[in-house]
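Please read these numbers as outputs of a predicted model, since none were measured by experiment.
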Amino acid sequence: MGAVAAIRTSMAGAGMTDDGIVEGRTLLLDVLAAPCKIGAPPDTDDARAQRAATGELDQWDEPNFTRHGAALRRRFPDVNAYVFKDLAPSTGTAAVQGVATFLARLDALENGTDPGRAGTKQSDKKAVAFLATRSLDKAERKRLQGLVDVALGPTSPLPEQAELPETARRREALVKLRAWFDEWSTTARAVIKKRRNLIRLGLASRKVRQRKPTAAPPKPGKPTATPSQPISPGEETHETDIEQPGSQTNARAPWYRVADRSAHRGLPHRC
């Protein structure tokens with residue numbers, strides 16, 4: 001408003017004094033210069049424990065699935081196919097579920113509780129005992145199961161957070177600034193008629209001109225012959241009147257008729 005005299009004059013006529021401009025500037029600077037104080041993000045102890053357990057299992061599954069699978073594939077291929085069926089390293093919650101499936105299958109092999117493997121109980125127990133020699137003993141499996149339980153377990157809700165005084169004060173300043181803007185932007189739209197001035201105030205936008213679609217060029221194709229126009233009764237063309245050697249029309253017409261037509265039109269006779 002201060003940069004364009006015509007805008008300032010129109011707004012002054014509508015009641016905007018210097019005090020009104022200073023008031024808007026003060027409200028704006030109060031909002032911009034007083035950022036809201038941000039404290040620590042709200043969280044709970046069990047939520048942090050759940051994220052930590054998920055991250056640890058996410059890091060565990062890929063290297064250990066690889067090395068334990070290689071060991072079983074060489075010595076117990078049947079157990080390897082059972083343990084790692086549709087099982088692969090993953091990330092996030094999927095990694096937690098993968099480790100949980102891996103541990104559950106090892107427990108079934110050790111305890112012989114899978115009815116589909118009733119005839120291989122001895123071999124299955126040997127395979128689980130062999131993995132214990134590769135740092136996957138009962139203590140390690142119990143530790144991993146504890147991480148799975150934490151990662152898939154419930155967490156307590158957040159307690160109600162009291163609003164910070166700074167947040168309430170900034171909201172009040174925003175409400176005041178909005179009220180000032182609504183009053184004077186409505187007034188400006190009513191008293192300023194030139195669109196370019198409204199654009200300078202940020203109360204209008206430039207119209208985007210849409211380009212007219214250009215006609216698509218014709219597609220290349222085979223040239224087509226232009227159909228000949230039919231000859232009306234009693235009308236003959238010059239080519240019909242003049243005899244051409246080898247012409248089909250003149251070959252059928254007697255020579256004296258061609259000569260008569262040539263004489264009638266002032267053309268030399270040809271025999």
Checking one residue: Ile199. Which other hydrophobic residues are in its cluster under the side-chain 4.5 Å linking rule? none

Decide whether Val150 and Leu144 are clustered together by the hydrophobic rule: side chain heavy atoms of Ile, Leu, Val, Met, Phe, Trp, Tyr closer than 4.5 Å, transitively.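 Different clusters: Val150 never reaches Leu144 through Ile, Leu, Val, Met, Phe, Trp or Tyr contacts under 4.5 Å.
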
Hydrophobic cluster membership, Phe181 vs Leu198, 4.5 Å side-chain cutoff: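 In one cluster: yes.
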
Least distance between heavy atoms, [X] atom then [Y] atom:
X	Y	value
Lys121	Ala118	CG-O, 3.6 Å
Val191	Met11	CG2-SD, 4.0 Å
Ala151	Leu57	CB-CD1, 4.4 Å
Arg134	Ala71	NH1-CB, 3.9 Å
Lys125	Leu109	CG-O, 4.0 Å

Can you give each donor-acceptor pair under 3.5 Å made by side-chain atoms of residues 12-27, sequence neighbours left out, with the distance rounded to 0.1 Å?
from: Thr17; atom 1: OG1; to: Asp19; atom 2: N; distance (Å): 3.4
from: Asp18; atom 1: OD1; to: Arg8; atom 2: NH2; distance (Å): 3.2
from: Thr26; atom 1: OG1; to: Val22; atom 2: O; distance (Å): 2.8

Run the side chain to side chain contact (heavy atoms under 4.5 Å, CB included) check on Leu177 and Asp30 step by step: do they pass? CA-CA 9 Å; Leu177 178 61; Asp30 187 30; over 6 Å; no

Set of residues satisfying side chain to side chain contact (heavy atoms under 4.5 Å, CB included) with respect to Leu201, sequence neighbours excluded: Met1, Ile7, Ala188, Ile192, Leu203

Which residues satisfy the side chain to side chain contact (heavy atoms under 4.5 Å, CB included) test with Thr133, sequence neighbours excluded?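 For Thr133 the side chain to side chain contact (heavy atoms under 4.5 Å, CB included) partners, ignoring immediate neighbours, are Phe130.
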
If the condition is side chain to side chain donor-acceptor pair (under 3.5 Å), which residues does Arg141 pass it with, not counting sequence neighbours? Asp107, Glu110

With sequence neighbours excluded, tell me which residues meet side chain to side chain donor-acceptor pair (under 3.5 Å) with Asp137.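 With neighbours one apart ignored, the set is empty.
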
Atom CZ of Arg200 with >12 non-hydrogen neighbours under 6.0 angstrom: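 No - once you tally the heavy atoms of other residues, nucleotides and ligands closer than 6.0 Å, there are 12 at most.
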
Hey, can you pull the donor-acceptor pairs under 3.5 Å for the side chains in residues 79-97, sequence neighbours left out?
from: Tyr82; atom 1: OH; to: Asp114; atom 2: OD2; distance (Å): 2.6

Pairwise distance CG(Asp149) to CD(Gln145) - rounded to 0.5 angstrom: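 Reported to 0.5 Å precision, the distance equals 5.0 Å.
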
To the nearest 0.5 Å, how far apart are CG in Leu131 and CZ in Phe76? 8.0 Å

Return each pair, listed once, that meets salt bridge (charged side-chain N to carboxylate O under 4.0 Å, His left out) where at least one residue sits in residues 46-64; pairs must be two or more places apart or across chains.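 Every pair satisfying salt bridge (charged side-chain N to carboxylate O under 4.0 Å, His left out) with a residue in residues 46-64: Asp43-Arg51, Asp45-Arg48, Glu56-Arg143.
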
Quick one: which residue pairs count as a salt bridge (charged side-chain N to carboxylate O under 4.0 Å, His left out) with a foot in residues 179-196, not counting sequence neighbours?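 Those involving residues 179-196 are Arg178-Asp182.
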
Is there any side chain to side chain donor-acceptor pair (under 3.5 Å) pair reaching into residues 65-75, and which pairs are they, with sequence neighbours excluded?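 Those involving residues 65-75 are Asn64-Arg67, Arg67-Ser135.
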
Partners of Glu172 by salt bridge (charged side-chain N to carboxylate O under 4.0 Å, His left out), sequence neighbours excluded? Lys176

